[in-house]
Amino acid sequence: MDDMLEMDMEQLDWRSAFTGLVGLLIALVFVGAFGNAGVAAGIAVLFVVGADEESHAGPDLAQLLLVLIGAVVTYAVGESTTSTAAAAIVFGLVTLGSTLLLLLGERYAAVGTYSLMWAVIALTIGVTEATAGEMTVAFAAGGAVALVVLFVSSVIGQRAGDEATPSPDPHSTAGTQEAIITFSVVRAVAAALAVVIGFEWFADHPAWTVLTFVLVLRPPKEQAIAVAASRTLGTVAGVLIGMAAAQLVGDSLTAQLAAFLVAGFFMLATSGLNYAVSTAFTTAMLLLSERILHEDVYEAGWARLGATVAGVVIAFLAIGILGAIRSLRQPTKTEVTP
C-alpha cells in the first residue's frame, strides 16, 4: 500500500505534459480533418518514433516489423468487430503473437507491446464502424512516413558518431522459452475471454476490459497485484473526479474541451509520478470526452469501473492458471518468469 501511495514530486514531468498537450491538440485537429483514419496515421507515427532508440542509427527491422504487424492488426481487428466470437479469436491471436515476440529479445518484445496496445485502440475504433481498409492504409502510411523521417534524420547526421549495437540476446534456454510460450498461450486465451466479456457486458466500450487486462498482466507478471490495485484505486478516483467535473462544466462546449485538456495535461505530467494518480486523470479525461460527445457520463463512469474490475479478475484468473501449470512442472527445470 505504501508503494502504491508513494509520490516523489520531483517526478512530475511538466515538459512531457506540455509536449503531450500540443500532440493532443494536433491529434484533435487530425481527428476533425480525417476522422478515425487520422487517428490511425497519428498513432502509427507516435509508436514508430517511440520505438526508436539512441543505440542505433536510423530505423531498423524492428520498427519496420511494427509497421507491417500494425497494418495487419488494423485490418484483422477492424473486420472482426461485427462478431463477438471473431473479435475474441482475432484478439487472442494478436495477443499470442505479440507476446511470443519475447522469444526474439527485448527489442522485439517492445514491438509486441506496441502492437498489442494498437490492437486495443483498433478494437475501440472498430465498433464505430470505421472502414478497416482505410484504417489499414492510414496506419501503414503513417508508419512509412515515420520510417522515412527517421532515416533522413540519420542520413543528415543528427546521429553522427552513433554506432549500431545488437539487440539483447533472445531468450535461448529451454526453460525460458517454455515459460514464455506458456505465458503467451494463457495470456492469449484470457485476452479472448476479456473481449467476450467486454462485448457482452460493456457493449458501448468493449475495449476497456481488455485494456485493463493487458496492462495488468504483462511481463513481469509478479507486478500484476500492485498494478491492479493502483489501477482500481485510480479508476475509482477518476470516476468521481470525472463525474464532478462533467457536472461543473455543464453544457458549455468550451468548458468541456478545457476540462478535457486539463485532465490530459495532468495525466501526462503524473505518468512518472504515480500510476494510480495518472490513471485517475486518464479516467477523468475519458469521461469528459463522453460529455463532449453528449453521452451519459454517469453510465460511462460505472461502466469504466465495472470493466476495470472485470479486467483485473481475468488477469488474476490467468495468474492462478500459470501458477498451477508451474507447480505441475518438474522441480528440476530452470524457469525464467516472463
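Everything numeric in this text was worked out from a predicted model, so none of it was measured.
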Please walk me through it: do Val210 and Phe199 pass side-chain contact (heavy atoms from CB on, under 4.5 Å)?
CA-CA 10 Å; Val210 185; Phe199 271 84; over 6 Å; no

Nearest heavy atoms of Gly70 and Phe139, plus distance in Å:
CA-CE2, 3.4 Å

Hydrophobic cluster identity match, Tyr75 and Val67, side-chain contacts under 4.5 Å:
no

To the nearest 0.5 Å, what is the distance between CZ (Phe213) and CG (Leu193)?
8.5 Å

So, Ser98 side chain and Thr95 main chain: donor-acceptor pair closer than 3.5 Å or not?
yes

How many angstroms lie between atom CD1 of Ile314 and atom CD1 of Ile197, to the nearest 0.5 angstrom?
3.5 Å

For Tyr114 and Gln63, which I'm curious about, is there any donor-acceptor pair between the side chains at under 3.5 Å?
no

Look at the side-chain heavy atoms of Ile, Leu, Val, Met, Phe, Trp and Tyr, link any pair under 4.5 Å apart, and say whether Met285 and Leu257 land in one connected group.
yes

Would you name the heavy atoms of Ala259 and Val249 that are closest together and state the gap between them?
CB-CG1, 3.8 Å

Correct closest heavy-atom pair for Leu288 and Gly242 would be CD2-O, 4.5 Å

For Ala307 and Thr209, the nearest pair of non-hydrogen atoms, with its separation, is CB-OG1, 3.4 Å

Neighbour count above 12 (heavy atom, 6.0 Å) for Phe202 CZ:
yes

Side-chain heavy atoms nearer than 4.5 Å, only ILVMFWY residues, links allowed to pass through others: does that put Val312 and Ile321 together?
yes

ILVMFWY network linking Leu215 to Val309, side-chain heavy atoms under 4.5 angstrom
no

Any luck finding a side-chain donor-acceptor pair between Arg304 and Thr235 under 3.5 Å?
no

Between Ala315 and Val216, what is the shortest heavy-atom contact and its length?
CB-CG1, 3.6 Å

Heavy-atom check, side chain of Trp302 versus side chain of Met243, under 4.5 Å
yes

Same apolar cluster (I L V M F W Y, side chains within < 4.5 Å links), Val73/Leu64:
yes

Closest approach of Val186 to Ala318 (non-hydrogen atoms, all atoms of both residues)
CG1-O, 3.7 Å

Gap separating the OG1 atom of Thr81 from the CZ atom of Phe91, nearest 0.5 angstrom:
13.0 Å

The reported gap from CG in Leu103 to CD in Gln177 (rounded to nearest 0.5 angstrom) is 6.0 Å

If I take atom OG from residue Ser115 and atom CG from residue Leu68, how far apart are they, to the nearest 0.5 angstrom?
10.0 Å

Give a yes or no answer on whether the side chain of Thr232 reaches the backbone of Ala229 with a donor-acceptor pair at less than 3.5 Å.
no

Polar side chain donor-acceptor pair, Arg187 to Thr99, under 3.5 angstrom
yes

Using a strict threshold of under 4.0 Å (side-chain N to carboxylate O), is an ion pair present between Arg291 and Asp296?
no

To the nearest 0.5 Å, what is the distance between CG (Leu101) and OH (Tyr108)?
9.5 Å

Passes side-chain contact (heavy atoms from CB on, under 4.5 Å), Leu217 versus Phe183? Steps please.
CA-CA 10 Å; Leu217 186 58; Phe183 177 77; 4.0 Å; yes

Would you kindly say whether Thr74 and Trp118 are connected by a side-chain donor-acceptor distance under 3.5 Å?
yes

Are Val90 and Glu79 side-chain neighbours, meaning at least one heavy-atom pair lies under 4.5 Å?
no

Under 4.5 Å between any side-chain heavy atoms of Leu211 and Arg231, yes or no?
yes

Just one of Leu65, Leu66, Val72 clears the side chain to side chain contact (heavy atoms under 4.5 Å, CB included) bar with Ile69, so which one?
Leu65

